[in-house]
Each structure stands twice: as C-alpha cells, then as structure tokens.
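Below: one structure, written as structure tokens.
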Amino acid sequence: VLRSGRDRDLILDELTEVLILSDIGYATAEKIIAAVRTDIRKSDSVDSIRSALQAALTGLLLPYSGDEIIPKAGSVYLFVGVNGGGKTTSLAKLAARFKEKGLDSLLVAGDTFRAAAREQLSIWGKRINSPVIQGPYEADPASVVYDAVQSYKARGTDLLLIDTAGRVHTNANLMNELEKIRRVLGREIEGAPHEIFLVLDASIGQNAVHQAREFLKFSGLTGIILTKLDGTAKGGSVVGIVDELKLPIRYIGVGEGLEDIHPFLPKEFVDALLS
Amino acid sequence: QLSDGLQKALKFLRGEGKVTEKNMTEALRMVRLAFLEADVNYTVVKEFEKKIREKALNEKVLESLTPAQQVIKIIRDELTVILGSNDRKLNIGSIPPSKYMLVGLQGSGKTTTCGKLGRLLSQAGGNPLFVSFDLKRPAAQDQLQMIAHNLKLPFYRLSRGQMEKPLKALAEVMEQARIQSQSPLIVDTAGRLHVDQDLMDELLLIKKTLVPDEVIYVGDAMTGQDAVKSALAFDEQIGLTSVILTKLDGDARGGAALSIVSVTGKPIKYVGVGEKYDQLEMFHPDRMASRILG
Ligand SMILES: Nc1nc2c(ncn2[C@@H]2O[C@H](COP(=O)(O)OP(=O)(O)OP(=O)(O)O)[C@@H](O)[C@H]2O)c(=O)[nH]1
Ligand SMILES: Nc1nc2c(ncn2[C@@H]2O[C@H](COP(=O)(O)OP(=O)(O)OP(=O)(O)O)[C@@H](O)[C@H]2O)c(=O)[nH]1
Ligand SMILES: [Mg+2]
Ligand SMILES: [Mg+2]
C-alpha cells in the first residue's frame, strides 16, 4: 500500500520508463499514464496501479482487435513494408496457416528488384506446396501482379498472396509503385486487395508511426503484422499506430519457421510489454 | 534546424534570461524528450544528460550573454565527440588476407552490406572474395552469389558437403583466399537473435576459426530502444570491432547510433544509404549529430 501521493508519483514515473523502453514513445506513454493517474485511488497498491496500466493499454488496443479473419476464397492479400521487416517470410507463414484451414494459395513474387527475392519465395512455395508466380528480374512489379491475377483467375486457387519489395516510405517513386499495384488489383478484381498488411519489425522505434502513415496514404493498409517478437524488442511502436491510425494488429511473428505466426492477442501483448 | 523539442528548450532558456540550476533542469528535461523522440535509448539519454548538465552549469555558460546558444553547442559538441572516432578505416590486419565478418539481427542488411563493402574495397585496389555462412535463410547463398555476380567479384559457393561441416569449410575458404591472394575475405553470417544462445555460440565458433580483422555489427538505423540490448549482447558474447548502420536513406532520426556507440564504445565506420551497392558512405559524426538533433 502506498503511503503518499509522492510514492504514487514514483511508481508512475517508473511505469512511464517501462513504457518508453518498450518503444511506446514519450507522448503516448505520457497520455496513457495521465489516464491511469485519474483512475487510481489514494489507497491503491503497486499491483493495482500496474493493473490499471494494463487495463488502459489493453483498452486502447481492444477495439481494434478481434478474432482472426479467415479469408474467403477469392481474397487477395498484399504484403508491404520497409526493407527487411519480414514480408516474404510472413507471407509464407500465412499461406501455410491458411492451407491448414483448407485454403490453397497462389504466391506472387512481386519483389522483382532485390537479389534472390524470387528464389527466396520459390523455396518457401516448394516447402508448403504452393505455386509461385514470378516475372523477369527488374520487371515492372505491377505487370507481374497483372499477369499473376490472370493466372489466379484461370487456376481458381482460393487465395492470391502478393509479396512486394521492401522500400523506404521516403522514396516517392517506390511508394507510387505500390499505389499502381493497388490500382491494378482493384481494376482486375472487385474489392482487391482485400487485405493490405504492413509488415513491421518489432524493434523499430518511433519511425514506425511515420512508416504507417505513408503506407496508409499510398498503398492503403488494413492491418499490421508485427514481426520478430521472439527477440527482446517489445513492439511498443504499434500502440501509437493503433491509437492514431486506428489500424488493427492482425498477426505477430515469433520466429523464422512456418508455424511462427499467431493471431494478435491484446492481453498477451500487453503482459509481455509490461513484463 | 533543430527538432521541435530542442527549439522549445532553446526558447525556454532564452526566455529565462539568466541560466540557473533550476531552469537548466527544466531545459534538460525538454532535451531528454527530444532525444527519446529520436529513438535514443532512455538509459543512454540519462547518461548523456548528466554530462551535459555538468558542462552547462559551469561558470562560462552561466555568465555567457547567450547561455541558450551555449547549451545547444555543448549538446552538439558532446554528441559529436561520442559518435566520433578517428578510427574510421577498416582494420587490414598484418597477415593477408584481411578477413571481415558481418553479424547482426535478422533483416538488418548484412548480406547487402557485404556487397557494398566488397565493391568499395575492390575499387580501392583490393581483390575481395565473398562467402556466405548463412545456411538457414532460403536462397541466402543465391543472394550473395547474385550480388557478387552483379559486382563481377568472386564468390565461394559452399557445396552440400561443406554445409554439413561449416567450420572445416571455413578453413578451406580461408586457405583458398590465402593461396589465391584474395583479400579481403568477406564473410556473411545468418541473422540471429542475441537471445538465441545456440546461434550466438555458433557465431563465436565461426569467429574463432576465422580470426577476423573486423567483426562488424550491422544495425538498422530505425531501431528503437532495443538497439542497446542487441548491440551490447553481440559485443559481450562475440566481440565487435566496428558498426555499420543501415537504411539511413529513410527518415528515422537514428538515435540508435548514439545508443550503440555509447554502450559498446565501438566506432560506426560506414552507413548504408540505399539498396544499391554504391550506397555506402563513410560515417560522419557531425552529420549524424545533426540528424539526431534535427
Ligand atoms: N526471429 C525472427 N525472424 C524473423 C521473423 N520474421 C522474419 N524474420 C527473419 O527476418 C529476415 C528478413 O525476412 P524477410 O521475409 O526476407 O523480410 P522482407 O521484409 O521480405 O525483406 P525485403 O524483401 O528484403 O524487404 C529473415 O532472416 C527472416 O527469417 C520473426 O518473426 N522472428
Ligand atoms: N533502404 C535501404 N535498404 C537497405 C539498406 N541496406 C540493406 N537494405 C535492404 O534491407 C533488406 C534486407 O537486407 P539483407 O541484406 O537481406 O539483410 P540481412 O541482414 O542479410 O538479412 P538476414 O540475412 O535475413 O538476417 C533488403 O531489402 C535490402 O535491400 C540500406 O542502406 N537502405
Ligand atoms: Mg522480401
Ligand atoms: Mg542475409
């Protein structure tokens, strides 16, 4: 039991530090702690203050979380994000996961630029027994996507999962390239792409929010896949993204294997963040 | 050009007229926020703040006509000193071939950076040989091989048998490089988590066999608070000699640079500023300082 308001302030300062160290960002941390401060009573113990913080964080994420959305046949998923975040691996993981649910996927090697990008997706495709469509090296990705859509329609595969090249959101040409891919998809298939996942590395700091804003503008986004949570990074930068952009976190990546993807669970995420 | 947080601190100090211990504390609190916004690790920020405070509360600053300006200058100078180092070229070692090993977390840019280094050193008159000891990532060998091919530089492809006995293979690669005067030998390794003890042990075995002239930590410039944990773990368990920070062509402020150098004491020698193989630049501490402050 805390003996004074000063004790309480010390606890709240320590908790602010925990939030900052998890990459939640100073402004968001202050906002959340301020909310907790109004919630707690004089008699509250350290544990109950911590629970109040847990509730505040979970409460922030809950409206944008829900049961996993299993795609209907005919769905097109697009994977976007900055370099090295885990797009290609996450796409393969999801293809494997949907396969277990009885949905087969056609994979598209939309990264026509990086060395061995097509080969990397090809190997994953073989491992999960899913066909991979690729184009020539340095082909216009939108044209590879266009061809893939024709093949998808012809084959009648359940799902179309499209990998794209990593890119920094400050490169206007590359961001326009993504917008073009989205337009091609929308023109060729009604409502496509049905999901546009921003694949984000959990160790990224405040720049994650900038990335989310830009990708939302150019390619559109329907959700986030937060990767590499098997490391020591807490992924707190997504809290700011959810708060500001109202984007749901759909999956988390917890390793390099096909089974290392799980639907996002706010309570578990917050527990890990505060641990 | 200073970040909003620092502009605020400057404006505040100017408004106070005289600098006192009390308003310096308030100004430093604003500086702290600015540094956190730039993704500098919280512990590193506090350490840095202590140093600034000592310097800013001395006679010359307190009596200065422009104390706010003085404080910003102290911050910029201290930042540049920490980031800076005269040790900017890669170690060559005394017995050829020079050997470089690139390590770091998944996706940080190691394989691409191998290519960039090979190109740079080849242009400087070297005769590099690339080899990849990433036996895990799909198409890892293909990736480095394609990069080498694009750069018209030699690549040592491990056979299936060699992949089963990697340390023996490494000795064979080193022997070839020695006999054929291929220097530097640039060794790519698989990305790994510093908390994966088996993989960290494996990395240490590679290092012990290679006896590299540089163990280069390749870190992503957009890393947040975790930059300290991973870099420190790699330094403590493997031993690093230098750092290359990648993806500075984005708009991440790059506070990870200060975090990594502060906790490991190892110099950042180069920065990656794009995906192409010529997009590697020498590290400039003053430019990095401006970026973190901006
Ligand atoms: N530990 C861990 N590693 C991961 C996870 N997801 C991806 N990786 C690794 O991160 C590295 C990069 O993954 P990729 O799938 O190639 O990333 P990408 O976004 O497609 O990269 P680019 O196409 O080059 O932009 C690989 O070594 C993956 O194995 C994860 O959840 N945990
Ligand atoms: N924008 C930008 N992208 C970079 C830079 N350096 C590397 N990349 C990209 O980052 C992604 C990952 O690069 P890799 O070289 O595969 O990274 P890695 O560390 O070898 O990855 P793993 O082996 O899976 O751990 C690729 O898309 C690269 O093109 C850089 O300086 N700027
Ligand atoms: Mg990829
Ligand atoms: Mg690699």
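Nothing here was measured: the structure is a model prediction, and the numbers come from that model. Here is how names work: the chains are called A, B, and so on, in the same order as the sequence lines, proteins then strands, and each is numbered from 1.
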- prompt: Heavy-atom count around A:Lys99 NZ within 6.0 Å, excluding the residue itself: above 12?
  reply: yes
Bottom line for B:Lys110: the part with an atom under 4.5 Å from chain A's heavy atoms is neither
Okay, A:Gln211 and chain B: the region with an atom under 4.5 Å from a heavy atom over there is side chain
Q.
In the structure I gave you, are the side-chain heavy atoms of B:Arg253 and A:Gln206 within less than 4.5 Å of one another anywhere?
A. no
Output for pair (A:Ser203 OG, B:Gln106 CD), nearest 0.5 Å, gives 9.5 Å
So, the part of B:His194 with a heavy atom under 4.5 Å from chain A: the answer is side chain
Applying a strict 4.5 Å limit to non-hydrogen atoms, the region of B:Glu37 in contact with chain A is backbone
Query raised in the report: Do other residues, nucleotides or ligands put more than 12 heavy atoms under 6.0 Å from A:Glu100 CD?
Result: no
Q) Between B:Asp251 and A:His169, is a side-chain contact (heavy atoms from CB on, under 4.5 Å) present by the stated rule, with each step listed? A) CA-CA 8 Å; B:Asp251 59 2; A:His169 53 288; 2.7 Å; yes
Between B:Ala139 and A:Ala116 the two heavy atoms that sit nearest each other are O-CB, 3.9 Å
Counting C-beta onward and ignoring hydrogens, is there a side-chain heavy-atom pair between B:Asp249 and A:Thr170 closer than 4.5 Å?
no
*asked:* Between B:Asp39 and A:Asn207, is there a side-chain donor-acceptor contact under 3.5 Å, judged purely by atom types and distance?
replied: no
Cut-off 4.5 Å, heavy atoms of chain B, and the answer for A:Asn171 is neither
Between B:Gln225 and A:Leu21, the two heavy atoms sitting closest are CB-O, 3.3 Å
Of all heavy-atom pairs linking B:Lys247 and A:Asn83, the shortest is NZ-O, 2.9 Å
Scored by heavy-atom pairs under 4.5 Å with chain B, the best of A:His210, A:Arg127, A:Glu256 is A:Glu256
Okay, B:Phe35 and chain A: the region with an atom under 4.5 Å from a heavy atom over there is neither
Inset, instruction - Mind running side-chain contact (heavy atoms from CB on, under 4.5 Å) on A:Glu119 and B:Gln143 for me, showing each step along the way? - result: CA-CA 9 Å; A:Glu119 288 72 5; B:Gln143 187 182 0; over 6 Å; no
Between A:Ile20 and B:Leu36, is there a side-chain heavy-atom distance shorter than 4.5 Å? yes
Counting only heavy atoms not in B:Lys46 (residues, nucleotides, ligands), do more than 12 fall under 6.0 Å from its NZ?
yes
Output for pair (B:Leu33 CG, A:Tyr26 OH), nearest 0.5 Å, gives 4.5 Å
Checked A:Ile123, A:Thr227, A:Ile204 vs chain B; the most non-hydrogen pairs under 4.5 Å come from A:Ile204
- Message: Is it true that, when you exclude B:Lys276 itself, more than 12 heavy atoms of the residues, nucleotides or ligands shown sit nearer than 6.0 Å to its NZ?
- Response: no
Here the gap from A:Asp23 atom CG to B:Asp226 atom CG, rounded to the nearest 0.5 Å, amounts to 7.5 Å
Ranked by heavy-atom pairs below 4.5 Å to chain A, first place among B:Arg137, B:Lys229, B:Arg32, B:Lys136 goes to B:Arg137
When the 4.5 angstrom heavy-atom criterion is applied to B:Asp196 and chain A, the contacting part is neither
Exercise. Please lay out, stage by stage, how A:Arg114 and B:Met146 fare under the test side-chain contact (heavy atoms from CB on, under 4.5 Å).
Key: CA-CA 10 Å; A:Arg114 206 207 69 211; B:Met146 282 185 198; over 6 Å; no
If you draw a 6.0 Å radius around CZ in B:Arg287, do more than 12 non-hydrogen atoms from other residues or ligands fall strictly inside? no
d(B:Met222 CE, A:Asp201 CG) to nearest 0.5 Å is 7.0 Å
